[in-house]
Amino acid sequence: MAEFDRQGYARPTSVPGADAYAIDQGLRAYMLRVYNYMAAGVAITGVVAYVTYMMAVVQTSAGPQLTGFGNMIFNSPLKWVVMLAPLGMVFFLSARINKMSVSAAQTTFWAFAALMGLSLASIFMVYAGGSIARVFFISAAAFGGLSLYGYTTKKDLSGWGSFLIMGLIGIIIASIVNIFLASSAMQFAISVIGVLVFAGLTAYDTQQIKEMYYVGDGEATMGKKAIMGALRLYLDFINLFLMLLSLFGNRE
């Protein structure tokens, strides 16, 4: 899901005669807006995932048991809707954002983040809570460093794009195959490669999002760019977190 709009809105950062200080301040405000949207999306996902888990599981003398709600979202055909709905929302937002208002795009992004929380609630059934928290903070630290590199480096990272996309496609295909094989060795390999791919995408996407900034854009265009940039970084972070959790998480 991290690959959806690699063409972006790439345009020159400045316009002839524009004040360099104003451009720099505008770029910082734009990137801060991207990160704020992304952080809010992650927060919504985390809250919805935990609340969903609390509603789905009840502790009994015999151990944890699924409630009626839990059986509905984890064991009924509805689970496929829960799993696939976030992907559908990504494609919908990517395809329709140019025709949306900024407020509608924001609402769609928040809805997507909530659906992701619903689909990720199961991690609380698989991994210990302390382990999830530890890996989350490791992921946040790694993401912050990689994104900072992508923002500050003078090196052109555009050449990474094709290799990262190929790696992403390979991960998706291998993950689908492993649903049927259920191979722990293949899952380990997918997770290791996934960490590398999403680490690279974090730096790559940050640089691409930075280059989307154009001082001559109107408020609506700037707002939509910020939302799409936040979506890209959100997907990078969530996938990086899940890959690291698969590698280092302590299972219940």
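Atoms considered below: every heavy atom in the structure, side chains included; atoms not considered: hydrogens, waters and symmetry mates.
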*Would Met243 and Val197 count as a side-chain contact (heavy atoms from CB on, under 4.5 Å) if you check the C-alpha gap in whole Å, the side-chain angles of each, and the deciding distance to 0.1 Å?*
CA-CA 10 Å; Met243 295 298 174; Val197 168; over 6 Å; no
*State yes or no: do Phe124 and Met54 share one hydrophobic cluster built from I, L, V, M, F, W and Y residues joined by side-chain heavy-atom distances below 4.5 Å, directly or via other members?*
yes
*Is there side-chain contact between Met89 and Pro86, with heavy atoms separated by less than 4.5 Å?*
no
*Short question: side chain of Lys210, backbone of Gly150 - any donor-acceptor pair under 3.5 Å?*
no
*State, to 0.1 Å, how close Leu157 and Ala203 come at their nearest heavy-atom pair, and which atoms those are.*
CD1-O, 3.7 Å
*What about Val126 and Ile132, same hydrophobic cluster or not, with Ile/Leu/Val/Met/Phe/Trp/Tyr joined at side-chain heavy-atom distances under 4.5 Å?*
yes
*Between Leu244 and Ser139, what is the shortest heavy-atom contact and its length?*
CD1-OG, 3.4 Å
*Can any side-chain N or O of Ser119 pair as donor or acceptor with the backbone N or O of Met116 at less than 3.5 Å?*
yes
_Could you tell me if Tyr214 and Thr221 have a donor-acceptor pair between their side chains, going purely by distance under 3.5 Å?_
no
*Could you walk me through whether Tyr213 and Met31 pass side-chain contact (heavy atoms from CB on, under 4.5 Å), step by step?*
CA-CA 9 Å; Tyr213 175 74; Met31 291 301 296; over 6 Å; no
_Plane angle bin for Tyr53 and Tyr50 - parallel if under 30°, tilted between 30 and 60°, otherwise perpendicular_ = tilted
_Interatomic distance, Phe237 atom CZ to Tyr234 atom OH [nearest 0.5 angstrom]_ = 9.5 Å
*Flag the pair Lys225 / Met228 as yes when at least one side-chain heavy-atom distance between them is below 4.5 Å, and no otherwise.*
no
*In Å, rounded to the nearest 0.5 Å, how long is the span from CE of Met38 to CG of Leu235?*
9.5 Å
*asked:* Tell me which pairs pass salt bridge (Lys or Arg N to Asp or Glu O under 4.0 Å) where either residue lies in residues 113-135, with sequence neighbours left out.
replied: none
_Please give me the minimum heavy-atom distance between Ile73 and Ala56, naming the atom from each residue._
CD1-CB, 4.4 Å
*asked:* Test of understanding: clusters of I, L, V, M, F, W, Y form through side-chain heavy atoms closer than 4.5 Å, transitively. Do Trp80 and Ile179 belong to the same one?
replied: no
*If you round to the nearest 0.5 Å, how far is CD1 of Ile227 from OG1 of Thr108?*
8.5 Å
*Do any N or O atoms from the side chain of Asn178 and from the backbone of Ser183 form a donor-acceptor pair under 3.5 angstrom?*
yes
*Are Gln106 and Ser101 side-chain neighbours, meaning at least one heavy-atom pair lies under 4.5 Å?*
no
*Count the heavy atoms belonging to other residues, nucleotides or ligands that lie under 6.0 Å from CE of Met166, then report whether that count exceeds 12.*
no
*asked:* With a 6.0 Å cut-off (strictly less than), is the heavy-atom count around CZ of Phe188, excluding the residue itself, greater than 12?
replied: no
*Is the backbone N or O of Val90 less than 3.5 Å from a side-chain atom of Ser94, with the two atoms forming a donor-acceptor pair by type?*
yes
*asked:* Are Ile171 and Leu247 connected into the same hydrophobic cluster when the rule is that any two of I, L, V, M, F, W, Y join if their side-chain heavy atoms are below 4.5 Å apart?
replied: yes
*asked:* Could you walk me through whether Ile138 and Phe248 satisfy the side-chain contact (heavy atoms from CB on, under 4.5 Å) test, starting with their C-alpha distance in whole Å, then the side-chain angles of each, then the deciding distance to 0.1 Å, before giving a yes or no?
replied: CA-CA 10 Å; Ile138 292 172; Phe248 303 115; over 6 Å; no
*Mind listing the closest non-hydrogen atom pair of Trp110 and Gly41 along with its distance?*
CZ3-N, 3.9 Å
*Heavy-atom side-chain contact between Val195 and Leu240 under 4.5 Å*: yes
*Are Leu115 and Phe112 close enough that some pair of their side-chain heavy atoms sits under 4.5 Å apart?*
no
*asked:* Are Phe69 and Met125 connected into the same hydrophobic cluster when the rule is that any two of I, L, V, M, F, W, Y join if their side-chain heavy atoms are below 4.5 Å apart?
replied: yes
*Please step through side-chain contact (heavy atoms from CB on, under 4.5 Å) for the pair Leu233 and Phe143, ending with a clear verdict.*
CA-CA 9 Å; Leu233 292 183; Phe143 176 89; 3.9 Å; yes
*Side chains of Tyr149 and Thr206: closer than 4.5 Å at any heavy-atom pair?*
no
*How long is the gap from OG on Ser122 to OH on Tyr127, to the nearest 0.5 Å?*
9.0 Å
*Does Leu146 have any side chain to side chain contact (heavy atoms under 4.5 Å, CB included) partners at least two apart in sequence or in another chain, and if so, which?*
Ala199, Thr202
*Roughly how far, to the nearest 0.5 Å, is the CD1 atom of Ile165 from the CG atom of Leu201?*
8.0 Å
*Going by heavy atoms in the side chains, are Gln187 and Ser246 under 4.5 Å from each other?*
yes
*Given Arg232 and Asp236, is the salt bridge (Lys or Arg N to Asp or Glu O under 4.0 Å) satisfied, shown in steps?*
CA-CA 6 Å; Arg232 289 172 73 162; Asp236 293 338; over 6 Å; no
_As an exercise, state the distance from CG of Leu93 to OG1 of Thr107, rounded to the nearest 0.5 Å._
11.0 Å
_For the student: nearest non-hydrogen atoms of Gly229 and Ile209, plus distance_ = O-CD1, 3.3 Å
*Distance-only, no hydrogens or angles: does the Thr152 side chain make a donor-acceptor pair with backbone N or O of Leu148 under 3.5 Å?*
yes
*Identify the two heavy atoms, one from Met186 and one from Ala174, that lie closest to each other, and give their separation to 0.1 Å.*
SD-O, 3.8 Å
*Enumerate the residue pairs fulfilling ring-ring contact (aromatic ring centres under 6.0 Å, His included) with a member in residues 158-184, sequence neighbours excluded, ordered by first and then second residue.*
none
*OH/Tyr151: more than 12 non-hydrogen atoms of other groups inside 6.0 Å*: yes
*asked:* If the test is side-chain contact (heavy atoms from CB on, under 4.5 Å), which one of Leu164, Asn239, Ile193 qualifies with Phe198?
replied: Asn239
*Would a 4.5 Å heavy-atom cut-off, applied to side chains only, mark Leu120 and Phe241 as touching?*
no
